[in-house]
Amino acid sequence: MGEAINLVNNFKIEKVIFNCGEFNELEQDLIKVFDKKKIPYYSCIKELNIDNRKLYFLQTKEYDNENDNSNVIYIELDGYNFMFMGDSGIEKEKDILDKYNISDIDVLKVGHHGSKTSSSIEFINEINPKYSIISVGKNNRYGHPNKEVLESLKESKIYRTDEDGSIMFKIKNSKLKNETFSP
């Protein structure tokens with residue numbers, strides 16, 4: 001989020017979607033740039049249609065912290081289920097399980113960089129991801145990903161950006177394929 005204004009100033013941005021909750025100071029500064037550049041923005045949406053695909057924003061309630069207010073996005077592509085957890089933590093995971101019927105995720109973008117505040121064993125056992133992607137910086141000051149989270153994810157194939165670099169999944173001829181690109 002800290003580099004969002006630089007992105008807006010250096011790339012063509014058509015629309016922006018914010019998570020639920022009040023706008024923080026950084027988001028308010030960003031909105032001023034959007035208004036100046038006439039870039040529409042939305043907050044707390046439920047669905048987004050892209051071509052003939054639909055992204056579902058799994059909203060549960062408004063939380064008292066920005067991480068749990070992260071957008072959690074679910075999409076089914078050609079029979080494969082993808083789930084992107086943002087920085088959501090254990091409380092939101094529980095609420096998602098209570099509100100939505102989600103299981104057998106093919107690709108999970110793990111919540112909050114694999115922090116101990118996310119990816120509870122109950123959540124992971126319920127969604128049963130085949131592949132887990134952890135976006136994490138090498139030798140980060142927080143010690144992410146957490147060892148317990150890695151243990152919870154052991155039944156899935158884990159990819160980490162600090163070790164594997166960029167990770168790309170493609171669906172080709174009805175088969176899910178992935179590639180990594182060294183960091």
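Predicted model only: the values in this text are computed from it and were never measured. Only this structure's heavy atoms are used, side chains among them; waters, hydrogens and symmetry mates stay out.
When hydrophobic clusters are built by joining Ile, Leu, Val, Met, Phe, Trp and Tyr residues whose side-chain heavy atoms come closer than 4.5 Å, directly or via intermediates, Leu77 is grouped together with Phe84. One hydrophobic cluster, built from ILVMFWY side chains closer than 4.5 Å, holds both Leu55 and Phe169. The hydrophobic cluster containing Val107 does not contain Ile158, counting ILVMFWY residues as joined when their side-chain heavy atoms lie under 4.5 angstrom apart, directly or transitively.
Counting heavy-atom neighbours within 6.0 Å of Glu62 CD, excluding the residue itself, gives a total above 12. Within a 6.0 Å sphere centred on CD of Glu25, other residues, nucleotides and ligands contribute 12 heavy atoms or fewer.
Taking the side chain as every heavy atom from C-beta outward, Met83 and Ile96 approach each other to under 4.5 Å. Phe82 places none of its side-chain heavy atoms less than 4.5 Å from the side chain of Leu108.
Checking side-chain atoms of Glu163 against main-chain N and O of Arg160 turns up no donor-acceptor pair under 3.5 Å. Between the side chain of Glu76 and the backbone N or O of Gly79, at least one donor-acceptor pair lies under 3.5 Å. Side chain of Lys92 to main chain of Thr60: no donor-acceptor pair is present (N/O by atom type, distance under 3.5 Å, no hydrogens or angles). Looking at Thr161, its side chain does come within 3.5 Å of a backbone N or O of Val136 through a donor-acceptor pair.
Tyr100 OH to Tyr56 OH: the interatomic distance, rounded to the nearest 0.5 Å, is 11.0 Å. Once rounded to the nearest 0.5 Å, the distance linking CD of Glu14 with NZ of Lys12 reads 4.5 Å. Note that CD1 of Ile105 is 14.0 Å distant from OH of Tyr80, once rounded to the nearest 0.5 Å.
With sequence neighbours excluded, the residues that form a salt bridge (Lys or Arg N to Asp or Glu O under 4.0 Å) with Asp106 are Lys130. Applying the salt bridge (Lys or Arg N to Asp or Glu O under 4.0 Å) test to Asp104 and every residue at least two apart in sequence or in another chain returns nothing.
No salt bridge links Lys94 with Glu126; every basic N to acidic carboxylate O contact stays at or beyond 4.0 Å. Under 4.0 Å is where a charged nitrogen must lie from a carboxylate oxygen, and between Asp95 and Lys99 no such pair does.
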(request) Carefully, step by step, assess Asp162 and Ile134 under the rule side-chain contact (heavy atoms from CB on, under 4.5 Å). (result) CA-CA 9 Å; Asp162 62 336; Ile134 302 174; over 6 Å; no

(message) Test side-chain contact (heavy atoms from CB on, under 4.5 Å) on Tyr131 and Leu176; report intermediate values, then the result.
(response) CA-CA 11 Å; Tyr131 301 97; Leu176 185 64; 3.9 Å; yes

(request) Starting from the C-alpha separation in whole Å, work towards a yes-or-no answer on side-chain hydrogen bond (donor to acceptor under 3.5 Å, both in side chains) for Tyr159 and Asn178. (result) CA-CA 10 Å; Tyr159 292 96; Asn178 69 311; 2.6 Å; yes

(request) Please test Phe11 against Asn6 for side-chain contact (heavy atoms from CB on, under 4.5 Å), starting from the C-alpha separation and ending with a verdict. (result) CA-CA 8 Å; Phe11 294 91; Asn6 287 333; over 6 Å; no

(request) Determine, stepwise, if the pair Lys154 / Glu151 fulfils salt bridge (Lys or Arg N to Asp or Glu O under 4.0 Å). (result) CA-CA 5 Å; Lys154 70 181 179 185; Glu151 181 65 22; 2.8 Å; yes

(request) Under the side-chain contact (heavy atoms from CB on, under 4.5 Å) rule, what do Phe181 and Asp164 come out as? Steps first, then yes or no, please. (result) CA-CA 7 Å; Phe181 304 90; Asp164 300 303; over 6 Å; no

Pair up each side-chain donor or acceptor in residues 113-122 with any protein partner under 3.5 Å, not counting sequence neighbours, and list the distances.
{"residue": "His113", "atom": "ND1", "partner": "Ser135", "partner atom": "O", "Å": "2.7"}
{"residue": "Ser115", "atom": "OG", "partner": "Thr117", "partner atom": "N", "Å": "3.0"}
{"residue": "Ser115", "atom": "OG", "partner": "Thr117", "partner atom": "OG1", "Å": "2.9"}
{"residue": "Thr117", "atom": "OG1", "partner": "His112", "partner atom": "ND1", "Å": "3.1"}
{"residue": "Ser118", "atom": "OG", "partner": "Gly111", "partner atom": "O", "Å": "2.7"}
{"residue": "Ser118", "atom": "OG", "partner": "Ser115", "partner atom": "O", "Å": "3.1"}
{"residue": "Ser120", "atom": "OG", "partner": "Glu93", "partner atom": "OE1", "Å": "3.3"}
{"residue": "Ser120", "atom": "OG", "partner": "Phe123", "partner atom": "N", "Å": "3.1"}

Considering only distance and modelled atom types, tabulate donor-acceptor pairs under 3.5 Å from the side chains of residues 29-51, sequence neighbours left out.
{"residue": "Ser43", "atom": "OG", "partner": "Asn19", "partner atom": "O", "Å": "3.1"}
{"residue": "Glu47", "atom": "OE1", "partner": "Lys54", "partner atom": "NZ", "Å": "3.2"}

Contacts table for residues 68-75: side-chain donor-acceptor under 3.5 angstrom, sequence neighbours left out:
{"residue": "Asp68", "atom": "OD1", "partner": "Gly89", "partner atom": "N", "Å": "2.7"}
{"residue": "Asp68", "atom": "OD2", "partner": "Asn65", "partner atom": "ND2", "Å": "3.3"}
{"residue": "Asn69", "atom": "OD1", "partner": "Tyr63", "partner atom": "N", "Å": "2.8"}
{"residue": "Asn69", "atom": "ND2", "partner": "Tyr63", "partner atom": "O", "Å": "3.0"}
{"residue": "Asn69", "atom": "ND2", "partner": "Asn65", "partner atom": "O", "Å": "3.3"}
{"residue": "Ser70", "atom": "OG", "partner": "Asn67", "partner atom": "O", "Å": "2.8"}
{"residue": "Ser70", "atom": "OG", "partner": "Asp87", "partner atom": "N", "Å": "3.1"}
{"residue": "Asn71", "atom": "OD1", "partner": "Gln59", "partner atom": "NE2", "Å": "3.3"}
{"residue": "Tyr74", "atom": "OH", "partner": "Asn81", "partner atom": "OD1", "Å": "2.9"}

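Across all their heavy atoms, Ile124 and Leu153 have their closest contact at CD1-CD2, 3.5 Å. The two residues Val110 and Ser132 have their closest heavy-atom pair at CG2-CB, 3.8 Å.
For the salt bridge (charged side-chain N to carboxylate O under 4.0 Å, His left out) condition, the pairs that include at least one residue of residues 167-183, sequence neighbours left out, are Lys170-Glu179.
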